Colleague: 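Below is a structure I'd like to ask you about.
Nothing here was measured: the structure is a model prediction, and the numbers come from that model. Worth knowing before you read on, the calculation uses all heavy atoms, side chains too, and leaves out hydrogens, waters and symmetry mates.
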Amino acid sequence: MLHNKDINKISELKNGFTHRWLEPDFLLRSLKCFSFSSLSKSFSGIKQSGYSFQFIFSILMSLPFLGLPTVNSIYTSSYLQCIQARKDTFYRLKNKSSIDWRAILWIFVQKFTNLHKDEPCIGSPRCLILDDSILTKTGKAIERVSRVWDHVTQRYVLGFKLLLLSYWDGTSNIAVDFSLHREKGRNKDKPYGFKKKSLKKQFKKAREKGSAGSKRVRECDQSKMDNAIKMVRRAISKGLQVDYLLMDSWYTCWAFVELVLNSKKQDMHLIGMYKTAKTKFEFQGKQLTHKQILNELGKAKRCRKLGLQYKQAIVTWNDVEVKLFFSRQSSKSKWKVFVTTNTNLSFIKMIEIYQIRWSIEVLFKEAKQLLSLGKCQSNDFDAQIAETTITLIQHLVLTLKYRYEKYESKGELFNQIKGDVVEYRLNERLWGLFIQLIKVITQIFDGVDEEDIINKLINDEKAARIIENWVIPLEHDEMAA
């Protein structure tokens with residue numbers, strides 16, 4: 001368990017990825033670690049103006065590490081003399097509908113997991129995590145862009161919803177699959193948030209039927225829930241070892257319960273926050289909503305470690321036993337409802353596993369702030385998919401580097417990896433942070449949502465600095481003692 005002194009490591013983001021790690025040759029060595037030369041053979045037929053896929057892709061991967069925000073910036077920099085290819089060479093590659101960017105991401109994911117398959121068990125459950133984030137855009141002519149609802153700011157913004165599935169292997173969290181979505185909205189006079197005249201001005205292009213690009217375009221208008229289910233099934237079929245599927249209240253539903261229960265390849269469970277008020281569960285021979293079950297349970301117990309009140313009940317949902325947990329800070333706070341298919345979980349163990357879900361919020365922050373996730377303003381939807389995929393692979397490569405501070409051979413990075421992870425694991429730091437914040441919030445505030453507080457902390461630099469200043473004196477006191 002964490003001590004207070006480790007809470008400041010929640011800001012591993014910019015402070016962790018130091019400039020000495022972002023040298024240009026680091027990427028080439030890292031790609032070698034992923035056997036990039038051999039996997040590029042799968043795309044050997046893809047060439048632009050005589051340049052191989054490997055050459056163009058490597059440069060696109062290198063841009064943020066060279067301090068170049070866009071392809072265009074290459075041609076106003078000192079790197080121009082090293083790159084003979086013209087701008088169109090890169091743009092045509094990103095705009096190709098025939099390239100299966102999902103397959104490319106999965107190749108890197110599987111290489112990443114294979115590198116760590118022989119590591120000793122570290123005790124933390126392996127989890128698939130579902131969540132979404134908004135990628136804001138500035139151009140109304142971008143193909144398939146729309147007004148999407150931002151539940152954080154409570155307003156509509158121009159952009160896409162990024163639906164992301166990530167994989168927590170016990171130490172690191174990496175993106176494994178994603179889809180981009182638009183929202184039609186309820187105003188028939190303004191579909192997707194535009195007047196019909198403006199909508200016609202959006203970029204359009206013909207794509208070959210059955211191509212990877214055409215499938216991605218169709219996904220954009222499909223239900224996020226349906227796509228999320230497909231992603232989880234894909235991850236399981238790819239051989240990822242999963243103990244838990246984690247999600248917030250926006251995704252928790254019977255379809256995912258059914259999915260984990262029917263998984264034939266491995267035993268896995270679901271933990272999700274739940275909010276659907278009308279769902280009926282069978283409890284003590286009655287069909288009751290979760291609110292009615294809460295009233296039937298009587299006096300709440302107190303978890304001293306977290307300072308939370310809680311109740312729990314094993315109920316039947318569509319002939320399947322699941323466990324409901326109810327949690328709140330104080331008598332003035334609202335009850336939160338969690339559902340899990342693992343009926344043997346204790347309350348504190350359930351919370352400890354569920355907080356791993358916050359690591360996907362950290363992933364979003366890292367990718368947006370360090371690697372400019374979502375900054376692509378190309379009108380071509382294929383380019384939006386390409387840029388998002390490249391950014392998630394960049395994050396994956398950085399995650400591998402950050403995971404191991406030391407290595408045996410300077411010539412062959414990552415070939416011989418020391419057994420000990422130098423940094424505290426992210427889930428342990430989040431757990432320590434959670435406990436400390438719960439205690440503070442419980443003592444000072446009533447009715448404040450602790451999960452909202454932690455999400456704001458993760459995404460607010462000022463808040464992170466305040467926490468860091470708060471815990472440094474504690475660290476010095478502990479060392480003095």
Colleague: Hey, can you tell me if W317 and Y274 have their rings parallel, tilted or perpendicular (30° and 60° cut-offs)?
Modeller: perpendicular
Colleague: So, the side chain of T341 versus the backbone of H269: is there a donor-acceptor pair under 3.5 Å, distance only?
Modeller: no
Colleague: Cut-off 3.5 Å, no hydrogens considered: what does the side-chain donor-acceptor table look like for residues 257-264, sequence neighbours left out?
Modeller:
unit_1 : atom_1 : unit_2 : atom_2 : d
N262   : ND2    : E258   : O      : 3.2
S263   : OG     : Q266   : O      : 3.3

Colleague: Using modelled atom types and a 3.5 Å cut-off, is there a donor and acceptor pairing between side-chain atoms of K205 and backbone atoms of N95?
Modeller: yes
Colleague: Answer yes or no: does atom NZ of K184 have more than 12 heavy-atom neighbours from other residues, nucleotides or ligands under 6.0 Å?
Modeller: no
Colleague: Strictly by modelled atom types, are S249 and K336 linked by a side-chain donor-acceptor pair under 3.5 Å?
Modeller: no
Colleague: Please identify each residue that fulfils side-chain contact (heavy atoms from CB on, under 4.5 Å) with C253, with sequence neighbours left out.
Modeller: M225, A255, F256
Colleague: Can you find a side-chain donor-acceptor pair between W168 and S124 that sits under 3.5 Å?
Modeller: yes
Colleague: I'd like to know if the side chain of K137 reaches the main chain of G374, judged simply by a donor and an acceptor atom lying under 3.5 Å from each other, with no hydrogens or angles considered.
Modeller: yes
Colleague: Going by an N to O cut-off under 4.0 Å, is there a salt bridge joining R234 and D177?
Modeller: yes
Colleague: Identify whether the distance between the nearest side-chain nitrogen and carboxylate oxygen of R126 and D243 falls below 4.0 Å.
Modeller: yes
Colleague: Under 4.0 Å between a Lys/Arg side-chain N and an Asp/Glu carboxylate O for D221 and R216?
Modeller: no
Colleague: Looking at L163, I229, D248, which hits side-chain contact (heavy atoms from CB on, under 4.5 Å) with L130?
Modeller: L163
Colleague: Taking ring pair (Phe, Tyr, Trp, His ring centres under 6.0 Å) as the cut-off, I'd like each qualifying pair that reaches into residues 124-153, sequence neighbours left out, listed once.
Modeller: W149-Y156, H151-W250
